Amino acid sequence: MSYLAGKELRIVGFLCNWCSYGGADTAGVGRFKQPTDLRIIRVPCSGRVNPLFVVKALLNGADGVLVSGCHPRDCHYSDGNFYARRRLEMLKRLLPFLGIDERRFHYTWVSASEGARWKNVVTDFTKAIHELGPFHQKEEKTECS
Amino acid sequence: MRVGVFICHCGNNIAGTVEVAKVAEAARMMPGVAFATTYMYTCSEPGQEEIKEAIKREKLDRVVVAACSPRMHEVTFRRTVEKTGLNRYFFEMANIREHCSWIGEDKELNTNKAIEAIKLAVEKAKQNKPLFPAKFKINKRVLVIGGGVAGMQAALDCADGGLDVVLVEKSPSVGGMMARLDKTFPTVDCSICILGPKMVDVSQHEKINLYAYSEIEEIKGYVGNYQIKIRKKATYVDWSKCTGCGACIEKCPSRNAFDYFNFGVAPARAINIPFPQAIPKKAKIDAQFCRQFIKGKCGVCAKFCPVGAINYEMKDEIVTEDVGAIIVASGYGLIDLDKLPEYGGGRYPDVISGIQYERILNASGPTSGHIERPSDHAEPKTIVFVSCAGSRDKSIGIPYCSNFCCMYIAKQAILTKDHIPDSRSYVFYMDIRSPGKGYDEFTRRAQEEYGVQYIRGRVSRIYPKGKKMIVKGADTLLGTQVEIEADLVVLATAVTATTDARTLAEKLHISYDPHGFYVESHPKLRPVETNTSGVFLAGACQGPKDIPASVGQGSAAAAKVLSIFSKDTLESDPQIARVNTNICVGCRKCIGTCPFGAIEEQQLRDGRIIANVIETVCAGCGICNSTCPCGAIQLQHFTDNQLLAEVNALCLT
Amino acid sequence: MEPINLTEKTDWQFIDQVKKESLQDPALCYQCGNCTAGCPYTKYFDYPVSQVMRLFQTGQKETILNSRSIWLCATCETCTTRCPCEIDIAHIMDVLRIIARRENYVSEKDVKTFYDSFLSSMKHHGRVFEVGILMGYNFKSGHLLADADLGPKILGKGKIHFLPTRIKGRDKVAEIFRKFQEMRKNRV
Amino acid sequence: MSEKEYIYFPGCSLEASAIEYDMSVRKVLAALGVKLIEPDDWSCCGSTPAHSVDHVFAAAVAARNLAIVEKMGASTVITACPACLSAFKKAHLRMKKEEGFKKEVNAILDEPYNCGVTAKSVLQILVEDIGPKPVAEKVTLDFPDLKVAPYYGCIINRPPEIMEFDDPENPMAMDNLMTSVGVKVCDFAFKVECCGAAFGVAKRKMVNELSSKVLSMALDAGANCLVVTCQLCHQNLDLRQGQINNTMGSSFNIPVLFFTQVMGLTYGYSPQELGIDKHNIQAEGLLKTRRPVEERIKEEQEKAKAKKPKAKKAEEEES
Amino acid sequence: MFIEKLKEAVRKILPEVDVVIGYRQGFDPLHATPYFLDKPEQVDQLIWNPLCVQNLCSYIPFLKGKVGVIVKGCDSRAIVQYMQEKLITRENIKVIGVPCLRVISVKKVMAAINQQTVQEVTFEGDNIIVKIPEGPKTIPSADVAPRKCATCQLATPLQYDVLAGEAIQSNKPQDTFEETKEFEKLSLEERRAYWEKEFDRCIRCYACRNACPMCICQDKCIAESRDPHWTSQRANVTEKAMFHMIHGLHLAGRCISCEECERVCPMDIPVAKIKKKISMDLKELFGYEAGMNPDDTPPMYTFKVEEATIEEHEI
């Protein structure tokens with residue numbers, strides 16, 4: 001089973017449980033319509049997101065990766081997003097060096113109350129990924145599946 | 001491995017935009033899935049029974065429920081699964097409602113997305129390991145932050161329930177905003193008359209330890225075991241000696257201190273007691289206005305104090321209290337008039353805020369309850385009330401309704417007519433919001449019995465002309481501009497979070513909304529809980545709220561604390577970091593990055609140094625996990641392999 | 001007043017057109033009346049600003065474009081500055097005026113005549129020539145003596161040039177006029 | 001003083017009916033060591049009439065001038081006229097924000113504008129780039145009887161998102177500038193009320209009514225002179241003051257000066273040098289009382305001396 | 001002779017430590033090899049010449065007891081970095097510093113002599129003279145020095161307990177990351193193709209990792225483990241790239257730019273390039289250079305509440 005080729009691209013989201021996952025819930029409760037491409041992996045904190053997860057996803061088939069945590073100072077674990085910010089910033093700068101468009105990876109902060117903001121993040125990011133098109137060659141996909 | 005998948009229709013919430021039957025069919029094809037079915041309401045009792053029966057019948061060892069958000073029902077289903085003897089961490093949830101059926105418009109795409117969400121959960125579940133919570137003892141004391149009506153109610157209810165209460169109040173007296181009010185709507189009963197007895201109860205209750213003029217410095221720990229540092233701000237008066245006689249105040253030569261209690265309606269002395277009914281009734285010095293501090297000489301209060309309580313050398317003091325739960329009732333603030341430049345921005349003395357007018361109306365206020373306008377102390381005859389002064393105003397970042405202004409304006413207009421029978425009051429409003437019991441009748445009374453003129457429209461400008469203030473507004477029902485020559489203008493200034501709300505939230509590790517109001521765990525079903533267990537909310541710190549609602553929340557928060565304290569121990573969350581001693585190379589990077597100091601060095605018998613997680617301290621953030629280069633420290637239930645299984649489920653197709 | 005049959009008379013296309021051209025959303029307006037309250041011209045308007053906004057919200061194209069209000073707005077920006085919903089109302093008025101001009105709804109001929117006179121001066125000289133504008137206006141509007149009383153007050157003070165300043169690049173300015181006309185044609 | 005240089009866009013009115021505004025701007029800025037360079041072959045900004053036609057068109061006629069400035073290698077252009085300023089800022093901001101709009105505008109321009117020029121008012125650079133101290137240092141004369149109502153008009157700082165200068169409801173830039181040059185300022189509630197703008201010709205009665213309110217509020221506030229930043233306001237308030245009196249049956253006779261003229265007067269320039277004689281309402285009466293600034297300083301020192309012992313005494317009493 | 005000074009220093013230190021790590025002649029005249037000695041009579045085996053390229057510090061974290069080690073300027077950054085990360089107890093290490101202006105890359109020499117058999121190697125002034133069957137060949141050292149030497153600022157080690165010889169100053173220009181910046185001028189597609197080609201050659205021998213002084217996990221490396229299972233053993237370019245990303249990211253803010261990884265790569269993959277890019281970014285973001293100041297904290301293990309250099313990204 002895969003994403004619906006032609007209609008969707010493969011976008012993986014790592015969301016912290018306390019803020020962004022809640023923000024995505026809030027967006028859902030508010031019925032804020034969003035593109036369907038994004039698949040969400042719940043993590044306790046953006047600080048849990050080892051940049052290698054992003055690399056792993058991008059190398060293995062994702063067209064875009066989104067990491068979203070609590071706003072700085074608002075981390076449930078107080079410092080997690082501060083570490084995430086440094087590590088993910090380093091990664092964001094590194095990706096284009098390897099030939100990966102840095103727009104394929106975005107990290108941001110969305111709080112549990114910001115349903116509308118979440119909708120915008122998802123919509124804009126999905127749009128950006130669609131503008132970039134698929135990252136992996138089609139042949140690779142068929143070869144693997 | 002035998003995974004069972006249960007797909008919830010959630011009535012039409014999911015089934016309306018997701019083809020659940022197709023989802024179940026796809027789930028059955030997934031490796032490791034032994035059983036998949038759909039159900040109308042999985043969270044219902046029969047729904048849960050269905051899961052239990054299926055576990056037994058199909059010999060399932062992992063369970064995935066695809067339904068709403070795990071933030072909603074993960075706990076429910078874990079309990080269900082556990083009842084069959086399966087470890088509760090063998091359960092996974094796929095969010096196909098909030099993250100899928102409610103936000104996607106295309107049924108085909110939604111269905112596909114739901115299938116993938118389940119695949120993700122199945123792969124994760126297959127990696128899950130049994131986890132077992134440990135038990136730990138609770139410290140059955142409670143900290144209440146804020147001594148307004150909500151905090152006092154919470155403190156009294158907890159204390160009456162037998163708990164030791166630490167009540168911390170930032171200002172020199174308990175009472176909060178309610179103590180400043182003259183009368184309360186819709187009954188028009190005297191505010192301090194109903195609040196006063198509660199204040200006295202707080203001060204006299206043997207179970208309540210009150211720290212007035214104190215602030216929260218630091219909070220450490222977790223539910224059941226918090227360590228609180230409280231800063232007792234220097235009052236420069238030894239409260240153990242002070243009798244509240246007021247001799248010092250009478251003699252104080254510095255007469256132009258800002259009166260915080262009266263919102264600056266009239267000046268105060270540099271040494272003061274905020275109001276006659278203050279609890280504790282003790283004096284304190286505002287150093288920035290005191291001559292002793294500014295000029296280095298004066299000493300008048302020290303000379304006249306009959307008990308020798310004055311101490312200019314006093315310093316802030318930090319005290320420590322250990323508690324098991326925290327109730328936050330830190331109240332609200334009001335926007336400053338300078339946010340409203342079109343209304344003069346505070347430059348015109350006869351344009352005041354509602355709370356200032358409340359003090360002017362109040363018999364124990366600076367005018368002893370005589371209505372007079374600040375500029376020339378004349379009795380105003382034409383009074384204009386402007387509602388939504390800053391509220392519902394996106395342009396200044398306050399899009400929300402301040403909740404109670406419509407009601408207090410009606411009250412103030414009624415009181416004005418009572419005080420000055422030949423006065424005329426006008427109220428500019430956009431909508432009259434009075435949905436409480438007896439509330440709408442009250443605003444009608446203002447118009448019907450007291451002849452208050454309600455004008456539907458906003459005020460664009462207020463400016464002085466001679467001794468009058470010209471209020472230039474619109475009457476949108478007439479479709480015209482209107483002008484009123486007022487003697488006094490009262491602005492119902494917008495309610496905000498307190499200025500230090502965000503700082504306090506960060507100390508508490510609780511969330512706040514973009515306006516600084518604290519976020520409850522669930523807007524309907526968990527209104528006083530926060531996402532940090534052991535921390536509860538009461539009153540307007542969660543959002544603008546009137547007195548009955550605040551009192552209700554105070555009691556509700558107290559009930560929550562009493563309920564968790566009804567047991568002697570709590571279960572710790574086993575979703576914490578654990579070190580694989582075979583792998584750890586002792587590089588210590590995790591130790592340095594842990595925000596909680598939960599990792600320590602440990603020397604093995606062979607002399608190797610490795611990391612060790614202190615179970616009760618670890619909060620489960622996983623920073624150590626993503627720091628560890630060799631993957632030796634793993635956050636249980638969110639291990640590298642579990643997350644990799646999810647990534648692979650999505651990407652390696 | 002005739003009841004408005006909103007089923008028939010709501011011009012949804014007009015709402016979309018104004019939304020598109022102004023980049024402002026009428027749904028944000030909750031009709032507080034602040035714009036009407038602050039507008040210096042409410043007295044002269046046939047529909048106060050908040051009602052113009054209401055007419056926009058309900059798609060009453062004919063009424064709006066025939067209104068005098070949109071021509072009497074001086075773009076003083078009071079409404080925009082004070083709107084609690086952050087709507088650029090003055091800009092909406094501007095767009096309504098542009099549409100009215102384009103579709104030949106001109107309820108305030110004098111104002112338009114003055115604007116035209118101004119533009120024509122600009123087109124011909126590159127800069128505007130005040131005496132020329134006034135004379136052009138007086139001629140076209142039929143108000144032959146408008147502001148003639150002011151003449152003596154400024155004569156002999158070196159303020160009035162009886163010949164326009166013509167800049168070298170006036171053909172370039174005229175070119176903007178021409179290219180714009182062309183662009184507009186293509187737009188349609 | 002450090003030499004400063006600006007590209008200065010006078011605008012059509014300042015060449016003709018408001019030539020005295022131009023004269024005073026040049027005089028005052030020269031006194032402050034500011035060199036003005038007029039762009040070659042500038043054209044009309046389009047003002048209000050252009051944006052009643054179309055926004056692309058309006059932006060184009062404004063941006064033509066910005067493009068000229070850009071080509072000169074400058075990043076700032078200053079102007080005294082609020083209408084030009086507003087036209088420039090609106091064109092610049094929208095072109096900068098919307099790529100599509102920028103393309104459309106540049107398509108009808110001879111030279112494209114690449115959004116590299118910030119427009120500022122003369123008032124803004126006096127406040128922000130020069131500052132109150134140098135402004136005050138040039139003062140040689142004092143006007144003891146002058147009390148001005150600073151009248152900003154509607155668009156020099158509105159809407160705030162576009163003009164990005166001073167408070168939109170209670171602007172203080174001109175108040176402070178007047179105070180810096182030693183002129184008394186009254187608290188004027190009608191600082192930003194509209195005078196009738198460009199409707200003077202087509203809707204004279206309307207303009208007369210609106211302007212009359214401004215004048216009467218200024219008198220109520222205790223002013224004997226209005227100070228303005230906009231030549232259109234000046235026209236409506238000064239040139240049309242007779243019309244106002246006729247329409248309203250009033251008898252206003254209150255001088256209206258450009259703020260640069262007031263500054264120039266305190267710097268010792270003659271009314272003629274500043275073009276004050278070109279106004280409709282003459283200000284001679286007020287100007288007669290001027291005296292060297294040293295006299296005021298002396299007066300103030302004496303007053304302070306007389307006050308001191310009293311203050312000391314009061315303090316002793318209190319303690 | 002310098003070598004005598006060095007031997008003298010080692011002899012002096014030997015009684016205080018359990019082992020000293022130095023260099024001795026390798027299997028041919030062009031190769032020096034690490035030498036662990038604990039007896040005075042072994043000291044005479046020691047050599048010192050520009051072919052002593054290995055960073056001997058790499059062994060230290062894995063040795064117990066007191067260790068003496070011969071350290072060049074570039075190598076000394078490893079000592080500093082170990083100190084930052086508290087991976088060594090400084091008192092247990094006796095650092096014998098050697099001033100050095102340039103070492104020589106064996107690979108480059110071999111390329112210059114067309115991979116012929118080396119019979120003898122001598123050094124004269126700034127030249128290396130390699131005797132091959134067709135006769136001696138003189139090569140200017142600068143032509144066969146590794147890349148890192150061209151911008152080396154540490155002619156004298158940052159840390160040493162004894163310095164063999166005199167402290168000298170570097171005469172090289174600062175590293176301005178020209179090569180990195182030059183590479184960034186390629187298009188995204190070109191860069192991607194470049195790495196796909198380079199990584200495809202990787203045989204996952206892990207020599208780069210084994211030689212790396214900062215790869216402290218060694219046999220616990222997650223590139224080889226099943227728990228956690230970051231990479232599979234499939235021999236495709238994705239898995240190879242994943243390994244190099246693990247290596248690169250684990251060294252973010254820790255890489256001391258010794259370029260040992262690249263030196264030892266049998267497939268000549270430019271593995272140091274990625275690390276260099278990260279080092280450049282972290283220097284720009286946090287003003288941090290690994291292995292320079294023992295009191296620093298590596299930037300990935302700390303944070304500031306307000307990060308002046310990190311702006312929020314728009315999508």
Side-chain angles (χ1 to χ4, degrees), chain A residues 47 50-61 64 66-67 71-73 75 78-109 120-129 131-132 135-137 140 143-144, chain E residues 180 183-184 186-196 198-199 222-223 228-232 236-246 248-250 252-253 273-282 284-286 288 298-307 309-315:
Chain A
N50 188 328
L52 283 169
F53 283 122
V54 179
V55 173
K56 181 83 181 168
L58 283 171
L59 288 180
N60 283 277
L66 176 66
V67 177
H71 287 278
R73 293 174 185 274
C75 174
S78 71
D79 300 344
N81 50 4
F82 292 139
Y83 287 107
R85 183 169 57 186
R86 284 197 159 199
R87 295 169 183 184
L88 298 173
E89 178 66 22
M90 180 269 291
L91 179 70
K92 189 158 171 85
R93 288 172 178 234
L94 176 63
L95 290 175
F97 196 77
L98 302 160
I100 303 172
D101 197 311
E102 81 260 29
R103 287 171 293 179
R104 291 195 185 274
F105 165 58
H106 182 62
Y107 71 96
T108 188
W109 323 117
N120 291 338
V121 167
V122 175
T123 311
D124 295 348
F125 187 65
T126 309
K127 198 174 144 230
I129 297 302
E131 276 164 16
L132 289 168
F135 177 51
H136 296 269
Q137 301 300 322
E140 258 185 37
E143 181 196 309
C144 295
Chain E
T180 310
F183 183 75
E184 288 186 318
L186 295 178
S187 73
L188 272 179
E189 291 68 33
E190 286 167 328
R191 279 176 255 166
R192 190 175 172 188
Y194 174 89
W195 286 114
E196 259 173 32
E198 293 296 335
F199 288 151
I222 59 168
H229 196 200
W230 282 90
T231 57
S232 75
N236 59 17
V237 69
T238 309
E239 297 300 289
K240 292 172 184 175
M242 192 66 204
F243 160 68
H244 287 284
M245 291 306 288
I246 291 171
L249 293 185
H250 278 177
K273 213 180 180 94
I274 297 172
K275 290 148 204 161
K276 193 115 192 173
K277 157 71 178 162
I278 299 177
S279 298
M280 180 181 89
D281 287 346
L282 295 182
E284 188 184 312
L285 280 170
F286 310 114
Y288 174 90
M300 295 294 106
Y301 309 126
T302 184
F303 61 85
K304 282 190 188 131
V305 172
E306 305 289 344
E307 298 278 11
T309 48
I310 305 181
E311 277 174 31
E312 275 199 37
H313 296 278
E314 308 234 327
I315 294 170

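Remember, it's a predicted structure, so these values are computed and weren't measured experimentally. Chain identifiers are assigned alphabetically (A, B, ...) following the order of the sequence lines, protein sequences preceding nucleic acid strands; residue numbering begins at 1 within each chain.
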Counting only heavy atoms closer than 4.5 Å, note whether [X] contacts chain E via side chain, backbone, both or neither.
X	result
A/Asn50	side chain
A/Lys127	neither
A/Arg73	side chain
A/Ile100	backbone

Any side-chain heavy-atom pair from [X] and [Y] closer than 4.5 angstrom?
X	Y	answer
A/Glu89	E/Thr309	no
E/Glu314	A/Thr108	no
E/Lys304	A/Arg86	yes
E/Lys277	A/Leu94	yes

Handout entry: Parallel, tilted or perpendicular, as decided by the 30° and 60° cut-offs, for the rings of A/His106 and E/His313
Key =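 The arrangement is perpendicular - the two ring planes meet at more than 60°.
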Practice task
Report the relative orientation of the aromatic rings in E/Phe303 and A/Tyr83; use parallel for angles under 30°, tilted for 30 to 60°, perpendicular for over 60°.
Solution key: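 Perpendicular: the ring planes of E/Phe303 and A/Tyr83 meet at over 60°.
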Heavy-atom distance under 4.5 Å to chain A: side chain of [X], backbone, both or neither?
X	value
E/Leu186	neither
E/Glu307	both
E/Ile246	both
E/Glu190	neither
E/Glu284	side chain
E/Ala252	side chain
E/Phe286	side chain

Exercise for the section: Just give me the residue among E/Glu239, E/Glu312, E/Glu189 that pairs up with chain A most often, heavy atom to heavy atom, under 4.5 Å. Expected result: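 Of the candidates given, the most pairs with chain A belong to E/Glu312.
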Handout entry: Top contributor to chain A contacts, counting heavy-atom pairs under 4.5 Å, from E/Ser187, E/Gly253, E/Pro299
Key =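 Most heavy-atom pairs under 4.5 Å with chain A: E/Pro299.
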Handout entry: Closest contact, heavy atoms only, A/Pro96 versus E/Leu188
Key =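 Heavy atoms of A/Pro96 and E/Leu188 come nearest at O-CD2, 3.7 Å.
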Exercise for the section: Work out which heavy atom in A/Leu52 is nearest to a heavy atom in E/His250; give both atom names and the distance. Expected result: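 That would be CD1-NE2, 4.0 Å.
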Distance in Å, [X] [atom1] paired with [Y] [atom2], rounded so as to fall on 0.5 Å steps:
X	Y	atom1	atom2	answer
A/Leu98	E/His244	CG	NE2	11.5 Å
E/Ile315	A/Thr123	CD1	OG1	8.5 Å
A/Phe97	E/Thr180	CZ	OG1	5.0 Å
A/Met90	E/Leu285	CE	CG	10.0 Å
A/Phe82	E/Glu306	CZ	CD	7.5 Å
E/Asp281	A/Arg93	CG	CZ	5.5 Å

